[in-house]
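The chains referred to below are lettered A, B, ... by the order of the sequence lines, with proteins before strands, and numbering in each begins at 1.
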Protein chains: 2
Amino acid sequence: MPKIVDHDARRAELAAAMWRVVYRDGVGAATVRSIAAEAGWSPSALRHYFATQTELLVFAMEHVMAEAAGRFTAEARTGPSREVVQRMLEELLPLDRQRVREAEVWLLLAARAQVDPAARERMTEADEGVRRAAELAVSVLTGVQPADEAATARLHALLDGLTLHALLHPDRMPPHRIRDLLAAHLDELSRAGAPS
Amino acid sequence: MPKIVDHDARRAELAAAMWRVVYRDGVGAATVRSIAAEAGWSPSALRHYFATQTELLVFAMEHVMAEAAGRFTAEARTGPSREVVQRMLEELLPLDRQRVREAEVWLLLAARAQVDPAARERMTEADEGVRRAAELAVSVLTGVQPADEAATARLHALLDGLTLHALLHPDRMPPHRIRDLLAAHLDELSRAGAPS
DNA sequence: CGTCGTGGTCGACGATCTTGGGCACGGGCC
DNA sequence: GGCCCGTGCCCAAGATCGTCGACCACGACG
């Protein structure tokens, strides 16, 4: 049998090349050609590992989502306190330049999901992670198990809305303001759960 | 001097043609060529009224935003009650097929704003309208003048987050659920403002 | 009635993603 | 050790997109 390469490793390598391009030049530069050049291959080589550009974007997005999940499960291990919950959710928000760039890719995929059916279904997994984080936060802050479904959905929407505003108006929505608004919402959740 | 046409009228006509295409075939079909064909002109003719595609999108988006504003200032004229505020904000949410399509264009512009500087600044006006609506709602529900700034920003983020989720998971976020979640948030605002 | 600027079309350019055909390399088998 | 054939990879072309430049036509003004 012929030459054998580790497909999973190659896919991870290509995703890493894409993130290098995105971090350095922005999401606008994330073209198939530039990513291939960054990785040192021809554009056609990408097709052996990602049939379409959307697949590459989704794969790369899932990768950073998994990293974020790792960050906040590490946080959660220290115990489900109020501060831990806040830091956990902050891991999902674009509070530094790198995560702003990641959020740009997320937004690009959201827009593409309106057109590309493949992006639509695979995006679902991505923000299921955010939903679960919101669920955990609500459950911890209100002390109710299972977490209130409506409160979870509202927190989830708030997180994505804050992300969107951070991208659209970075001047009006600097990191500390995002943190404050999130804290205000979490405060209300705590009050609602423990009215005493 | 040569032939004279009403530029503003022509621009409105082109925007109307674009919305016909979007309503019928989705935002993915909103290409320069298809819009020109819908309007009955050559693609180059658009350039006399919109230098770039982004300009057309922004203009068309501003048009429907103005319509929405008209709808809810009509509502507001009946008096700033709790029900009026809810209906006013519901005008801004994708609760029917037509406004889902409008929200798709909004999302497309948001993604494009990450790349196209022209889209970025002009998008600002668009969601300033949403921000003002949120401000009015907060002021009415809490009975505090001027409206609490943080509460306004949170409501604004919630509105955009709900819109996003309605687009990404229409099955998990049907219209009545959007309404319920909004109502829950408005209830909390009322309680916070009038604790007695 | 002539002029010239505006309105409009055609064609082309550059960039994009995607696809098909072909070359090379190298591991398995005799 | 030498031959196969399948995998990996590239080149070039196709399709579609937004944008631009050159050109034609019409019509209002002088």
Side-chain angles (χ1 to χ4, degrees), chain A residues 1-15 17-18 21-22 25-60 105 108-109 111-120 122, chain B residues 1-15 17-18 21-22 25-61 104-105 108-109 111-120 122:
Chain A
M1 286 296 177
K3 181 165 43 175
I4 287 185
V5 305
D6 186 337
H7 269 234
D8 288 339
R10 201 47 86 70
R11 286 161 69 94
E13 185 183 344
L14 288 171
M18 177 193 120
V21 172
V22 170
D25 306 323
V27 67
T31 151
V32 170
R33 284 165 176 76
S34 67
I35 295 170
E38 172 73 25
W41 292 310
S42 126
S44 317
L46 300 204
R47 259 188 78 62
H48 283 264
Y49 307 101
F50 299 101
T52 172
Q53 188 192 23
T54 301
E55 280 189 19
L56 169 57
L57 289 172
V58 170
F59 179 85
V105 174
L108 177 68
L109 276 174
R112 187 168 296 205
Q114 304 304 311
V115 172
D116 184 343
R120 186 173 211 100
R122 306 204 57 187
Chain B
M1 286 295 178
K3 180 165 44 176
I4 288 184
V5 304
D6 185 337
H7 270 235
D8 289 339
R10 202 46 87 71
R11 287 161 68 94
E13 184 183 345
L14 288 172
M18 176 193 122
V21 171
V22 169
D25 306 324
V27 66
T31 150
V32 170
R33 285 166 173 80
S34 68
I35 295 171
E38 173 72 25
W41 291 310
S42 123
S44 317
L46 301 204
R47 264 187 74 64
H48 283 264
Y49 306 100
F50 299 102
T52 173
Q53 188 192 22
T54 300
E55 279 188 19
L56 169 56
L57 288 172
V58 170
F59 178 85
M61 196 70 223
E104 287 175 5
V105 174
L108 176 69
L109 276 173
R112 188 170 294 205
Q114 304 303 311
V115 172
D116 185 343
R120 185 172 212 100
R122 306 204 56 188

When you get a sec, tell me which of [options] is the closest nucleotide to the side chain of [X]?
| X | options | result |
| --- | --- | --- |
| Thr31(A) | dG18(D), dC17(C), dG8(D) | dC17(C) |
| Ala45(A) | dC10(D), dT19(C), dG8(C) | dC10(D) |
| Thr52(A) | dT18(C), dG8(D), dT9(C) | dT18(C) |

Can you tell me how far [atom2] of [N] sits from [atom1] of [X], to the nearest Å?
| X | N | atom1 | atom2 | value |
| --- | --- | --- | --- | --- |
| Leu14(B) | dG7(C) | CG | P | 13 Å |
| Asp6(A) | dG8(D) | CG | C1' | 14 Å |
| Leu46(B) | dG7(C) | CG | P | 14 Å |
| Leu57(B) | dG18(D) | CG | P | 9 Å |
| Leu108(B) | dC17(D) | CG | P | 14 Å |
| Ile35(A) | dC17(C) | CD1 | C1' | 12 Å |
| Met18(A) | dC17(C) | CE | C1' | 16 Å |
| Asp116(B) | dG18(D) | CG | P | 13 Å |

Below 4.0 angstrom from OP1 or OP2 of [N], is there any side-chain N or O of [X]?
| X | N | value |
| --- | --- | --- |
| Arg10(A) | dC9(D) | yes |
| Arg47(B) | dC20(D) | yes |
| His7(A) | dG8(D) | yes |

Calculate, to the nearest 0.5 Å, the distance between atoms [atom1] and [atom2] belonging to [X] and [Y] respectively.
| X | Y | atom1 | atom2 | value |
| --- | --- | --- | --- | --- |
| Arg112(B) | Arg120(B) | CZ | CZ | 14.5 Å |
| Leu46(B) | Ile35(B) | CG | CD1 | 7.0 Å |
| Glu38(B) | Met18(B) | CD | CE | 12.0 Å |
| Tyr49(A) | Glu55(A) | OH | CD | 14.0 Å |
| Gln53(A) | Thr31(A) | CD | OG1 | 6.5 Å |
| Arg47(B) | Thr52(B) | CZ | OG1 | 8.0 Å |

Discussion item. I'd like to know if His48(B) reaches the base of dG8(C) with its side chain such that a donor and an acceptor end up less than 3.5 angstrom apart.
Written reply: yes
Fill in: Whether Ser34(A) side chain and Ala29(A) backbone form a donor-acceptor pair below 3.5 Å
yes
Discussion item. Classify Tyr49(B) by what it touches in the nucleic acid, base, sugar-phosphate, or nothing, heavy-atom distance under 4.0 Å.
Written reply: sugar-phosphate
Between the protein and nucleotides 10-15 of chain C, list every N/O to N/O distance that falls short of 3.5 Å.
from: dC10(C); atom 1: N4; to: Ser44(B); atom 2: OG; distance (Å): 2.2

Response to the item:
Closest to the 5' end of DNA chain C, once Ala30(A) and Trp41(B) are matched to their nearest nucleotides, is Trp41(B)
